[in-house]
Amino acid sequence: RYFIRPTVSIYLIVTSVTFFGFLYEVGEYLADTFLGTESIPGRLDSVEDMISNFLGGFIASLFFAWHQFRKKEFTPLQDE
């Protein structure tokens with residue numbers, strides 16, 4: 001069983017959620033450009049979506065880190 005530091009797990013969760021949100025926004029843009037789907041209603045839609053993706057990933061990572069700290073087998077690293 002491997003141990004991942006909470007800071008690394010927070011980074012991985014936020015980065016992956018933001019990256020997949022970015023890919024989705026690129027897909028929306030391409031669909032609008034080439035297929036005329038009109039899935040982006042305004043100029044700030046993508047910006048609002050990216051901010052929401054980032055905040056959602058950050059909140060999810062905080063819950064994950066909180067859950068890791070609550071585990072009984074988790075012992076924080078101590079200074080030597």
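Residues forming a side chain to side chain contact (heavy atoms under 4.5 Å, CB included) with Ser39 (at least two apart in sequence, or on another chain): Glu28, Asp32, Thr37. Applying the side chain to side chain contact (heavy atoms under 4.5 Å, CB included) criterion to Ile59, with sequence neighbours excluded, gives Phe63.
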Pair up each side-chain donor or acceptor in residues 49-58 with any protein partner under 3.5 Å, not counting sequence neighbours, and list the distances.
unit_1, atom_1, unit_2, atom_2, d
Ser52, OG, Glu48, O, 2.9
Asn53, ND2, Asp49, O, 3.2

List the atom pairs, with distances to 0.1 Å, where a side-chain N or O of residues 10-27 and a protein N or O form a donor-acceptor pair under 3.5 Å, not counting sequence neighbours.
unit_1, atom_1, unit_2, atom_2, d
Thr15, OG1, Tyr11, O, 2.7
Ser16, OG, Leu12, O, 2.9
Ser16, OG, Ile13, O, 3.1
Thr18, OG1, Val14, O, 2.8
Glu25, OE1, Ser46, OG, 3.0

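A continuous path of hydrophobic side-chain contacts links Ile40 to Phe34 [ILVMFWY only; heavy atoms under 4.5 Å].
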